[in-house]
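Here is the structure we will look at, set down as structure tokens.
Computation of the quantities below employed the complete heavy-atom set of this structure, encompassing side-chain atoms and omitting hydrogens, waters and symmetry-equivalent molecules.
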Amino acid sequence: MSFTPEKLAALRARFGGANEAVIHDPHFRAVAANVIDDSGTRSAPYAGMPTLLDAPARQVDWSRPDFGDLQVALLGVPMDLGASNRSGCRFGPRALRAIERVGPYNHALKCTPVRELRVADIGDVPMRSRYSLEQSHEDIHAAYEKIVAAGVTPLSVGGDHSVTLPILRALGARQPVALVHFDAHCDTGGPFDGSRFHHGGPFRQAVLEGVLDPTRTIQIGIRGSAEYLWEFSYESGMTVIHAEDIPRLGVDAIIAQARAVVGDAPVYVSFDIDCLDPAFAPGTGTPEVGGVTVREAQAMLRGLAGLDIVGGDLVEVAPSYDATANTAHAGAQILFEILSLMRLRGAR
């Protein structure tokens, strides 16, 4: 189609003059109504108090928590006592709060989750000790029991991956949950240096405690030299997709497999940032080359739309190794994708 004077005249009539600010597409117009205020201004991403995904802040008294009518609670879990290599992901929640320019519109899933859900950043899980891993897990479990009891869906930022174990204890107390797990490592190892509760073994413990269903668990992006530690994944019935399988199988096939594994079960989505290749996410404690691209991760997450997602987390962002803030930015985007999935799941 050539660009004729008549075409130009039609565009000027539709988008010029008094129509400059008019958005004609009904869906885009509805999105804009959620994002742009009556004066025609959008919130500046660099202004105001930083929160996870620029969600409203809500202060919680953890001795008597009142979550109001929240559907989703965003919260930080700043604990990295389970890290086996480079520490520092205790600063992950703070790093993600500092990221701007993520959302509010998800163009692929066609939603504005922070505007369409009752969601707030409720701060960080309070922990009694910065030295005791076991005590920290107890405190995390206690906080998530209160969130679950209130009927609120938690979406968390770690912290190391060991924090997912006490979260699953709360979510899977009545029924073992399914799991879609993005990671470089299966995290189903046994005791390490005398401890069972490290970031390389939370899903093994979750299965053995009866809060995670291994036959409805899929692990995506696995690679590296620790493969010999992951026999529990195979013996328990988990589905493991190695990073080198992704280009061979293709993203669509992996999405189909994940949906088949999970079925209609309540499912938790856990994303370790080291699933991404260090070219995209160097700021983490156990980087492994040969990983997933951000685009592949987004596509696979978006393919989970409609699943019964009861919680999720983004873990292992260690900003001290993140010279450009790319890792935190990628982490915030992944968090946004998971929140979008919660929007498409609908209110509980």
Side-chain angles (χ1 to χ4, degrees), residues 70-75 77 125 137-138 140-159 161-183 185-188 197 199 201-222 230 232-241 254-255 257-272 275 300-301 303-315 334-335 337-348:
L70 285 185
Q71 293 170 292
V72 178
L74 297 167
L75 68 165
V77 193
V125 173
H137 279 196
E138 291 173 4
I140 296 166
H141 181 220
Y144 282 81
E145 278 189 316
K146 294 173 182 177
I147 294 170
V148 171
V152 179
T153 301
L155 180 52
S156 316
V157 178
H161 220 157
S162 76
V163 307
T164 307
L165 175 59
I167 296 172
L168 290 176
R169 284 173 177 156
L171 284 167
R174 293 186 179 179
Q175 172 188 354
V177 298
L179 175 69
V180 180
H181 170 210
F182 295 87
D183 207 319
H185 314 98
C186 285
D187 291 354
T188 52
F197 304 111
H199 72 167
F203 302 114
R204 178 190 188 117
Q205 298 304 322
V207 170
L208 295 177
E209 293 183 20
V211 298
L212 175 64
D213 183 345
T215 65
R216 290 199 165 188
T217 292
I218 185 167
Q219 303 183 300
I220 301 169
I222 308 304
W230 312 137
F232 184 89
S233 290
Y234 304 104
E235 291 291 329
S236 64
M238 295 180 181
T239 300
V240 179
I241 306 293
I254 293 168
I255 291 169
Q257 191 166 6
R259 298 184 70 94
V261 167
V262 170
D264 60 358
V267 58
Y268 191 85
V269 178
S270 186
F271 197 107
D272 187 324
C275 181
M300 288 186 282
L301 282 165
L304 305 179
L307 294 184
D308 184 17
I309 297 173
V310 295
D313 61 44
L314 182 285
V315 298
I334 295 300
L335 194 73
E337 301 291 350
I338 299 173
L339 182 63
S340 298
L341 296 177
M342 292 177 173
R343 164 62 185 89
L344 297 179
R345 173 197 177 218
R348 282 178 64 77

Query raised in the report: Quick one: does Asp187's side chain get under 4.5 Å of Trp230's, heavy atoms only?
Result: yes
Query - Leu341 side, atom CG; Leu307 side, atom CG - distance, nearest 0.5 Å - result: 8.0 Å
Query raised in the report: Under 4.5 Å between any side-chain heavy atoms of Asp308 and Asp264, yes or no?
Result: no
Requested in this report: Kindly assign one of parallel, tilted or perpendicular to the pair His181 and Phe203, based on the angle between their ring planes and the thresholds 30° and 60°.
Outcome: tilted
Query raised in the report: Does a side-chain heavy-atom distance below 4.5 Å link Phe182 with Ile334?
Result: no
**Report entry** Separation of Ser233 OG from His185 NE2 (nearest 0.5 Å)
**Finding:** 12.5 Å
Report task. Could you tell me which non-hydrogen atom of Gly303 sits nearest to which non-hydrogen atom of Ile255, and how far apart they are? Result -> O-CG2, 3.3 Å
Report summary line: So CG of Asp313 and CG of Leu75: to nearest 0.5 Å the spacing works out to 10.0 Å
**Report entry** Nearest-0.5 Å distance that lies between atom CD in Gln71 and atom CG in Leu339
**Finding:** 10.0 Å
Query raised in the report: Roughly how far apart are Ser340 OG and Leu304 CG, rounded to 0.5 Å?
Result: 12.0 Å
**Report entry** No-hydrogen, no-angle side-chain donor-acceptor test under 3.5 Å, Tyr144 and Ser156
**Finding:** yes
Query raised in the report: Considering only heavy atoms from C-beta outward, does the side chain of Ile309 approach that of Thr153 to under 4.5 Å?
Result: no
Query raised in the report: Which atom names give the shortest non-hydrogen contact between Ile140 and Val77, and what distance separates them?
Result: CD1-CG1, 3.5 Å
Query - Derivation and outcome, side chain to side chain contact (heavy atoms under 4.5 Å, CB included), residues His161 and Ser270 - result: CA-CA 9 Å; His161 220 157; Ser270 186; 2.7 Å; yes
Query raised in the report: Which heavy-atom pair separates Pro176 from Asp213 by the least distance, and what is that distance?
Result: CB-N, 3.8 Å
Report summary line: What one should report as the nearest heavy-atom pair of Val261 and Thr217 is CG1-N, 3.6 Å
Report summary line: What one should report as the nearest heavy-atom pair of Cys186 and Gln219 is O-NE2, 2.8 Å
Query - Shortest non-hydrogen contact between Leu171 and Gly311, atoms and distance - result: CD1-CA, 4.4 Å
Query raised in the report: When rounded to the nearest 0.5 angstrom, what distance separates CZ in Arg169 from CG in Leu212?
Result: 12.5 Å
